[in-house]
Each structure stands twice: as structure tokens, then as C-alpha cells.
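Let me begin by presenting the structure, written as C-alpha cells, before commenting on it.
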Amino acid sequence: MTEREPMIEAVDLCKHYGSFAAIDHLSFTIRRGEVVAFLGPNGAGKSTTMKVLSGYLSPTAGSARLCGVDVVKDRVRAAEKLGYLPENGPLYPEMTPRELLTFFGEARGLAAAKLAERLDFVTRECDLGELLDKPIGTCSKGQKQRVGMAQALLHDPEVLILDEPTTGLDPNQIRHVRDLVKKLGETRTVLLSTHLFQEVEAMASRVLLVSAGKLAFDGTPEQFKARGAGKMDQAFHALTTN
């Protein structure tokens with residue numbers, strides 16, 4: 001497997017709800033070693049696209065592949081490649097993070113020794129030490145976000161899709177997540193949805209922007225800023241309004 005192989009592929013993706021096109025012939029390729037910011041206004045099709053890429057939704061037309069595996073035709077094998085952190089993802093409030101992560105690890109078929117190794121890794125990288133045996137239902141929003149990140153990383157996936165990963169985190173935790181995402185992006189592929197332009201500048205090597213279900217921009221953060229006289233918010237406005 002080469003370093004720059006395609007890891008996330010959307011090919012002419014469409015998702016219709018009746019006559020409404022949430023995704024309208026959307027195509028892009030993300031390669032190994034890229035951290036890509038996925039931007040768009042509310043209702044632009046961003047969350048729908050991530051749900052299709054993760055296998056949660058089936059496209060109306062087109063195809064999606066993770067590491068060359070068709071997400072619709074072989075969802076289980078595609079899921080093995082993917083770590084997914086949805087925005088406000090569901091967690092079992094009566095379980096502790098240790099119980100939750102052990103449950104997910106066993107469900108994914110991780111051997112006991114591998115599960116112990118990965119549990120140590122995510123506990124350290126997601127700063128879960130004091131939370132491991134605390135009921136998730138009693139955790140703060142930021143603490144739950146860290147648990148969600150841990151489950152996304154648990155099985156050491158090649159592809160990460162992260163929806164607003166720094167939501168609810170304090171400044172020190174945000175810095176840690178930024179450093180972790182950049183580190184993971186050196187050998188893996190990260191698609192990062194965010195509304196925060198400082199997160200784009202801190203973590204991303206590339207920007208994809210969707211508007212009205214279509215791809216409106218694909219380029220570097222510097223090229224994106226250039227579309228708004230050096231300012232990301234102006235570029236966003238220019239590319240998403242008529």
C-alpha cells in the first residue's frame with residue numbers, strides 16, 4: 001500500500017429526500033496522510049455526506065469507498081477501516097468509559113491483549129484517566145466528547161471522520177486534540193467537520209467546502225483564505241451565498 005493511496009472516495013454521490021437533494025453529484029478523493037477540513041453552512045449536506053461515508057445512510061446514487069472498500073456493498077469491512085465521531089454521538093449513560101470501550105472493543109473482535117493495549121492508548125491520548133470508572137451519564141459535555149473520541153480511535157482505524165471534535169473542550173483539551181489529530185494525520189486520513197476557522201488553520205492541510213449539496217471549493221487553507229481577501233470568514237461567505 002502506497003503512502004498516497006486514496007482512502008476516502010466520493011464518486012458522484014447523491015442523496016435525495018423526495019424532491020430535495022441533500023447531496024447533489026458530489027465527488028472528491030482524500031488520500032493517506034491528509035487532514036481535510038469539511039466546511040459548509042447548516043443544511044449544506046455536510047452531515048449527510050459524513051453519514052453516507054460512514055455507512056449510516058445509503059446514497060440515492062453514486063458510490064462511497066473507504067480504503068477501496070465500497071461502503072454500501074461491504075459495510076462491515078468498510079467499518080473496520082473507520083473511526084467515526086458523530087456530533088453529539090450516542091453513549092450509554094449507565095456505563096463507565098472503561099465498560100463502554102471494553103464493550104466496543106470486544107464487539108469489534110479485538111483480542112484481549114490488543115484491547116488492553118488500545119485501551120491504554122486511548123486513555124492516555126484522550127485524557128480519560130480520572131473518568132474511566134465514572135458513569136458516563138454524570139460526565140460533562142466535554143468529558144463525553146473525549147469518551148466519544150476514544151471509541152473512534154479504539155480499533156486503530158486507518159480513516160477518521162470527526163464531526164466537531166473540539167466541542168465542549170477547554171482550551172488545554174482543544175490544544176491536545178489538535179496535536180493528536182495532526183499526529184494521526186501523518187499516517188492516517190482525517191476528515192474533520194467544523195464551524196471553527198481556527199481549527200481549520202490549526203489542523204487541516206486541505207479544505208473541502210459544500211454548499212447546497214455541491215462541492216464549492218477544494219484547496220489548501222491558504223487558497224481558501226485568498227478567496228476572501230486573506231480571511232476565512234469572508235471566503236466562507238463569498239462561496240456560500242449567491
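Quick note: numbers below take in every heavy atom, side chains included, and nothing from hydrogens, waters or symmetry partners.
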Determine, using the 4.5 Å side-chain heavy-atom cutoff (strictly less than), whether [X] and [Y] are members of one ILVMFWY cluster.
X      : Y      : answer
Val190 : Leu169 : yes
Phe121 : Val159 : no
Leu128 : Leu110 : yes
Val210 : Leu57  : yes
Ile8   : Leu192 : no

In the structure I gave you, are the side-chain heavy atoms of [X] and [Y] within less than 4.5 Å of one another anywhere?
X      : Y      : answer
Cys126 : Val147 : no
Leu39  : Phe197 : yes
Arg31  : Pro6   : yes
Pro221 : Met232 : yes
Gln145 : Leu85  : yes
Val71  : Leu53  : no
Pro59  : Val72  : yes
Asn172 : Asp127 : no

Charged tip of Arg227 within 45° of Phe224 ring normal and under 6.0 Å =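 No - Arg227 does not lie over the ring of Phe224 by the 6.0 Å and 45° rule.
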
How many angstroms lie between [atom1] in [X] and [atom2] in [Y], if you round to the nearest 0.5 Å?
X      : Y      : atom1 : atom2 : result
Leu160 : Thr189 : CG    : OG1   : 8.5 Å
Glu80  : Cys67  : CD    : SG    : 10.5 Å
Gln151 : Arg108 : CD    : CZ    : 7.5 Å
Ile23  : Thr48  : CD1   : OG1   : 5.5 Å
Thr49  : Leu26  : OG1   : CG    : 5.0 Å
Ser211 : Asp24  : OG    : CG    : 11.0 Å

Sequence neighbours excluded - salt bridge (Lys or Arg N to Asp or Glu O under 4.0 Å) pairs with any residue from residues 89-100 =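 Residue pairs with at least one partner in residues 89-100: Arg98-Asp133.
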
What are the two closest non-hydrogen atoms of [X] and [Y], and how far apart are they?
X      : Y      : result
Ala152 : Pro157 : O-CG, 3.4 Å
Ile136 : Lys144 : O-CE, 3.3 Å
Leu215 : Asp218 : CD2-CB, 4.2 Å
Leu209 : Thr240 : CD2-CG2, 3.6 Å
Leu101 : Leu115 : O-CD1, 4.1 Å

Ring geometry between Phe38 and Phe28 (parallel below 30°, tilted from 30 to 60°, perpendicular above 60°) =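 Tilted.
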
key: Those residues that, when tested against Val36, pass side chain to side chain contact (heavy atoms under 4.5 Å, CB included) (two or more places apart)   =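 Listed in chain order: Ile30, Glu34, Leu191, Arg206, Leu208.
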
With sequence neighbours excluded, residues passing side chain to side chain contact (heavy atoms under 4.5 Å, CB included) with Thr138 =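 For Thr138 the side chain to side chain contact (heavy atoms under 4.5 Å, CB included) partners, ignoring immediate neighbours, are Lys134, Pro135.
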
Quick one: does [X]'s side chain have a donor or acceptor within less than 3.5 Å of a partner on [Y]'s backbone?
X      : Y      : answer
Gln173 : Asp170 : yes
His155 : Lys81  : no
Arg32  : Met7   : no

Identify all side-chain donor-acceptor contacts of residues 9-18 below 3.5 Å with residues at least two apart in sequence or on another chain.
from  : atom 1 : to    : atom 2 : distance (Å)
Glu9  : OE1    : Arg65 : NE     : 3.3
Glu9  : OE2    : Arg65 : NH2    : 3.3
Asp12 : OD1    : His25 : ND1    : 3.0
Lys15 : NZ     : Ser58 : O      : 2.8

message = Applying side-chain hydrogen bond (donor to acceptor under 3.5 Å, both in side chains), can you list everything that pairs with Glu125, at least two apart in sequence or on another chain?
response =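 Partners of Glu125 under the side-chain hydrogen bond (donor to acceptor under 3.5 Å, both in side chains) test: none.
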
query = Can you check ring pair (Phe, Tyr, Trp, His ring centres under 6.0 Å) on Tyr56 and Tyr84, steps first, answer last?
reply = CA-CA 10 Å; Tyr56 183 79; Tyr84 180 38; 7.9 Å; no

ask   = Would you say the side chains of His195 and Glu164 form a donor-acceptor pair under 3.5 Å?
value =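 Judged by distance alone, the side chains do pair up.
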
Considering only distance and modelled atom types, tabulate donor-acceptor pairs under 3.5 Å from the side chains of residues 177-186, sequence neighbours left out.
from   : atom 1 : to     : atom 2 : distance (Å)
Arg178 : NE     : Glu199 : OE2    : 3.0
Arg178 : NH2    : Glu199 : OE2    : 2.6

